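Everything numeric in this text was worked out from a predicted model, so none of it was measured. Start at 1 with the first residue, then count along the sequence.
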Amino acid sequence: LCLGAMGQKFSKDGEVDADEASPAPERSWSTRFRSADPQLRSQSEAGLLHIESVPGNQKFDSIPLMRGPGTLTRKHRWSQFASAAAMPGLLLADVAKVPFRFAVKGPKRPTWTLQFEEIVTALRSVARNAPRRRIWEGQADLLRLLTSSVGVPKLVCPGSIRYYTEVVGTVQSEWIFPIDPGRPHLTPKEAIHHSDDPVILYIHGGAFALCTPGTHRLLCSCLVQSSHGVLLAPNYRKAPESTISEATDDCLAAYKHLLDICAVPPARVVFAGDSAGGGLCVCLLRRLVREGLPLPGRGAALLSPWVDLSEGLDGTFRMSMQVNSNWDYLPLDLVHIFARLAVGVEAEAEEAGDKDKWARLLDPDFSPIYAEDLAELSGVPFLVIAGEVEILADQIIEFGHKLEEAGCQVELQVYRDMVHVFPTMCPYQSPGPMCVENIARFARGGEQVVPVPLPEGSTAGHSEA
């Protein structure tokens, strides 16, 4: 209890719990970025980035989110330790309330089960209580410890699946492929040429800074089991040490490895990715066009792709970013932090010279929704998937429509009541298996995916309370 109290004191004063807050009113929200007070500014070479107001129940007034170079004081070190030590207790407390609330008030969304709501609540708790001072000593290591250092155990993944680790390019990568009872010791290259099933290049999500192929192992294993294909998941370089450009380089190296080393015909390859990985898939496709390399013949499956890193930069949000924060587990302030880390912006853009750094968020190489050359991808089929109540729903749907306008073959699916990258949380629970099966059908090629229309009477960002 003491650690929990200290963590709340030093982390986010004034935050309102989404479980206790009233529904967000439908009105226009805005944010603006301003300097910290002079006393705090004098402690650092750069100012602090503040989000003065964000939609609904997620309000973080005067919170130092990003800090330039400087020396940590004892108070700041203690704040980091207290916040980290309090997170397990706060997580257990938040999850423990779910069964009682579920029994009394029912599910937050009509189709949510108790297990699914507990998982979403746990993710919301971790995201809400994570330390925001990114550059301060140890903070990046803490977030990666919580997300990247713990992979899904292979014992809980589907049987008859083999895992093989290999350095592809310069990064560690994981192969996942079915076991052939007659040839149990197949290598990935042998498994590729053992059948004509799809070869999947899977680019995992994690806000360009977190997670590994291990954290997405369960989803990838289910996808391999359904598609009977071979999957390669590169552990690309992450922010803040690297930017999206370096991550795209690693994904390109993995694709070249498939074509050159493994001798895979491009017609058998399909790209797949979730969240930041979905955005990287589009960045990789545009890079292939520029370099004159063959495009994947079986297309790209984008699961909750993050394709607009600049949302909120001009002080405005799409409706889903405002309303769906009541249900989704992604906090708006962390979305802004990771967006800026991914493009190499580390300080407040107050000076005229820094405005060029903020403009990177509008670069199509980082935010593919602004690309004007999408028509060059017209030969690539797309499967674009979104959750109805995820905060990125509107930008995903808008990107799907832009692909259609550019002449691309697009299958756009919005799953009712689902949050960001929902199959990673419920691969065995509806509608997770349907989503995985649709991606597998798309990867096999020539098979009709099960249509999932937008729920009647509801649009992304305007869902019923």
Side-chain angles (χ1 to χ4, degrees), residues 29 31 203 205-208 239 243-245 247-248 251 271-290 295 299-325 328 330 332 334-345 357-378 380-388 390-414 420-421 454 459-462:
W29 298 96
T31 61
I203 306 176
F208 302 103
T243 65
I244 295 178
S245 299
T248 307
C251 297
F271 290 172
D274 65 276
S275 190
L280 282 174
C281 284
V282 185
C283 293
L284 178 57
L285 289 170
R286 297 181 66 246
R287 175 79 70 85
L288 295 178
V289 170
R290 288 199 299 267
L295 297 172
L302 312 179
L303 175 59
S304 298
W306 190 12
V307 291
D308 185 4
L309 277 64
S310 69
E311 186 164 358
L313 178 64
D314 59 352
T316 60
F317 292 96
R318 295 177 178 88
M319 183 60 72
S320 65
M321 187 76 77
Q322 303 171 25
V323 176
N324 290 347
S325 59
D328 201 4
L330 295 179
L332 300 185
L334 281 185
V335 171
H336 288 102
I337 291 175
F338 285 123
R340 284 145 181 80
L341 288 181
V343 299
V345 177
K357 294 183 178 180
W358 291 106
R360 297 177 191 173
L361 296 171
L362 300 170
D363 190 330
D365 289 336
F366 301 143
S367 296
I369 199 170
Y370 299 113
E372 298 180 356
D373 57 354
L374 294 178
E376 298 180 358
L377 304 178
S378 58
V380 180
F382 285 89
L383 173 63
V384 182
I385 297 172
E388 182 192 6
E390 67 171 299
I391 63 174
L392 303 183
D394 280 350
Q395 67 169 255
I396 296 170
I397 294 173
E398 180 182 339
F399 182 68
H401 292 330
K402 286 195 172 186
L403 288 174
E404 290 180 341
E405 294 171 357
C408 300
Q409 178 185 347
V410 182
E411 176 72 24
L412 176 62
Q413 298 185 335
V414 181
H420 188 63
V421 198
L454 189 66
T459 58
H462 294 78

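Summarising the geometry, atom CZ belonging to Arg360 is positioned 12.5 Å from atom CG belonging to Asp365; distances are rounded to the nearest 0.5 Å. In this structure, CD on Glu390 lies 10.5 Å from CD1 on Ile385, to the nearest 0.5 angstrom. Note that the CG atom of Leu309 and the NE2 atom of His336 stand 10.0 Å from one another [nearest 0.5 Å]. Note that the CZ atom of Phe317 and the CG atom of Asp394 stand 13.0 Å from one another [nearest 0.5 Å]. For the atom pair Leu284 CG and Ile203 CD1, the distance stands at 5.5 Å (nearest 0.5 Å). Leu280 CG to Leu285 CG: the interatomic distance, rounded to the nearest 0.5 Å, is 11.0 Å.
Partners of Thr243 by side chain to side chain donor-acceptor pair (under 3.5 Å), not counting sequence neighbours, listed by chain and number: Glu246. Not a single ring pair (Phe, Tyr, Trp, His ring centres under 6.0 Å) links Phe382 to another residue, sequence neighbours left out. For Ser275, the side chain to side chain donor-acceptor pair (under 3.5 Å) partners two or more places apart in sequence, or in a different chain, are His420. Considering only residues two or more places apart in sequence or on other chains, Phe208 meets the ring pair (Phe, Tyr, Trp, His ring centres under 6.0 Å) condition with Trp306. Remark: Asp373 engages Arg286 in a salt bridge (Lys or Arg N to Asp or Glu O under 4.0 Å) (not counting sequence neighbours).
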Check your understanding: Please walk me through it: do Ser304 and Asp274 pass side-chain contact (heavy atoms from CB on, under 4.5 Å)?
Key -> CA-CA 6 Å; Ser304 298; Asp274 65 276; 5.8 Å; no
Review point. Would Gln413 and Leu383 satisfy side-chain contact (heavy atoms from CB on, under 4.5 Å), going step by step from the backbone distance to the final call?
Key: CA-CA 8 Å; Gln413 298 185 335; Leu383 173 63; 4.1 Å; yes
Exercise for review: I would like to know whether Leu334 and Leu330 meet side-chain contact (heavy atoms from CB on, under 4.5 Å); could you show each step before the answer?
Suggested key: CA-CA 8 Å; Leu334 281 185; Leu330 295 179; over 6 Å; no
Practice item. Apply the test side-chain contact (heavy atoms from CB on, under 4.5 Å) to residues Leu302 and Val307: give CA-CA distance (whole Å), side-chain angles for both, the deciding distance (0.1 Å), then the verdict. Key: CA-CA 10 Å; Leu302 312 179; Val307 291; 5.7 Å; no
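Here the closest heavy-atom approach between residue Ala371 and residue Pro364 is recorded as CA-CB, 3.7 Å. Closest non-hydrogen pair, Ala276 versus Ala207, comes out as CB-N, 3.8 Å. Minimum interatomic distance between Met321 and Leu332 (heavy atoms only, all atoms of both residues): SD-CD2, 3.3 Å. Taking all atoms of both residues into account, the shortest heavy-atom contact from Pro305 to Val384 is CG-CG1, 4.4 Å. Summarising the geometry of Ser310 relative to Leu361, their closest heavy-atom pair is CB-O, 3.6 Å, with the distance given to 0.1 Å. Residue Leu341 comes nearest to Ala239 through the heavy atom pair O-CB, 3.6 Å, listed as atom of the first residue, atom of the second, then distance.
The shortest distance between side-chain heavy atoms of Phe271 and Cys251 does not fall below 4.5 Å. Between Ser245 and Phe366 the shortest side-chain heavy-atom distance falls below 4.5 Å.
A donor-acceptor pair is defined here as one N or O able to donate and one able to accept, closer than 3.5 Å; no such pair exists between the side chain of Asn324 and the backbone of Leu392. Ser325 contributes a side-chain N or O that, together with a main-chain N or O of Gln322, makes up a donor-acceptor pair within less than 3.5 Å. Of the possible donor and acceptor atoms, none in the side chain of Glu311 sits under 3.5 Å from a partner among the backbone N and O of Asp308. Without hydrogens or angle criteria, Ser378 side chain to Cys408 main chain gives no donor-acceptor distance under 3.5 Å.
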Can you give the donor-acceptor pairs under 3.5 Å from side chains of residues 396-406 to other protein atoms, not counting sequence neighbours?
from, atom 1, to, atom 2, distance (Å)
Glu398, OE1, Arg318, NE, 2.9
Glu398, OE1, Arg318, NH2, 3.3
Lys402, NZ, Ile369, O, 3.1

